[in-house]
Amino acid sequence: ATGVNRGHEGAPLVIGNMMYVHTAFPNNVYALDLNDNQKIVWSYFPKQDPSVQAVLCCDNVNRGLGFGDGKIFLQQNDGMLVALDAKTGKKVWDVKNTDPKVGATNTNAPQVIKDKVLTGCSGAEFGVRCFIAAYNLKDGSLAWKDRKSTRLNSSHSQQSRMPSSA
């Protein structure tokens, strides 16, 4: 048991002899040693404003962790994307990806592709226009952000790309 009585939707990550598990809000992360009776090697307990729970859709869930470059990536419900050292659990960097004050939250599992970690946003039920963003694994700097919309008509679809500052 994780000590959190909400939906647990994401699968654990197994990297070598370590298993990384996470919880629904407040998005705790645990590293367990599979060669030592699942001993907890480290844990991470993020500090989040509990009011973010009011704007989360579909329960206070988190859908998983990402891994790359020796880091565990956690997309917190409050919009913070966090990189944790996979061996120690120490925070390497974090970046604000969304703002719950405008209804934009996160429940997704970050995806690592080459030297980037991709994440997005939740909040369409509150009128939020979401996006996909890529951050550099090394330092968390924004590599790109894309908002695409597709409109279908009888002959073709049109796509529009907004600048990353939008």
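This structure is a prediction, so every number in the text was calculated from the model and none was measured. All heavy atoms count here, side chains included; hydrogens, waters and symmetry mates do not.
M18 shares a hydrophobic cluster with L13, I15, Y20, V29, V41, W42, Y44, L65, F67, I72, L74, M80, V82, L84; the chain of contacts runs through ILVMFWY side chains whose heavy atoms sit under 4.5 Å apart.
Not a single donor-acceptor pair under 3.5 Å links the side chain of W144 to the backbone N or O of I132. Using modelled atom types, no side-chain atom of N37 and backbone atom of K39 make a donor-acceptor pair closer than 3.5 Å. Side-chain atoms of N136 do not come within 3.5 Å of backbone N or O of K138 as any donor-acceptor pair. At least one donor-acceptor pair closer than 3.5 Å links the side chain of N62 to the backbone N or O of Q75. Judged by distance alone, with hydrogens and angles left aside, the side-chain atoms of N106 form no donor-acceptor pair with the main-chain N or O of N108 at under 3.5 Å.
Shown here for G64 and P110, the closest heavy-atom pair between the two residues is O-CD, 3.5 Å. Residues P100 and D78 come closest through the heavy atom pair CD-O, 3.4 Å. Minimum heavy-atom separation, A133 to N97: CB-OD1, 3.9 Å. Here the closest non-hydrogen pair linking K114 and V112 is O-CG1, 4.0 Å. Between P12 and V21, the shortest heavy-atom contact is CB-CG1, 3.6 Å. Across all non-hydrogen atoms, the minimal contact from P26 to P46 is O-CG, 3.0 Å.
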Item to complete: Just do the salt bridge (Lys or Arg N to Asp or Glu O under 4.0 Å) check on D69 and K71 with the steps written out, would you?
Response: CA-CA 5 Å; D69 193 33; K71 299 175 187 78; 2.6 Å; yes
Worksheet item: Can V95 and L142 be said to form a side chain to side chain contact (heavy atoms under 4.5 Å, CB included), step by step?
Response: CA-CA 9 Å; V95 62; L142 181 65; over 6 Å; no
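Here the OG1-CG distance, from T119 to L81, works out to 6.0 Å after rounding to the nearest 0.5 Å. To the nearest 0.5 Å, atom CE of residue M19 and atom CG of residue L32 are 5.0 Å apart. In this structure, CZ on R147 lies 7.5 Å from SG on C121, to the nearest 0.5 angstrom. Summarising the geometry, atom CH2 belonging to W93 is positioned 8.0 Å from atom OH belonging to Y135; distances are rounded to the nearest 0.5 Å. Between the OG1 atom of T105 and the CD atom of Q76 there is a distance of 12.5 Å, given to the nearest 0.5 Å.
Crowding of K47 atom NZ: a count of heavy atoms from other residues, nucleotides or ligands under 6.0 Å not exceeding 12.
Applying the side-chain hydrogen bond (donor to acceptor under 3.5 Å, both in side chains) criterion to N27, with sequence neighbours excluded, gives Q48, N77.
Residues H22 and N28 are not in side-chain contact: their nearest non-hydrogen atoms beyond the backbone lie 4.5 Å or more apart.
Follow the hydrophobic side-chain contacts under 4.5 Å out from F45 and you never reach F25; the two are in separate clusters.
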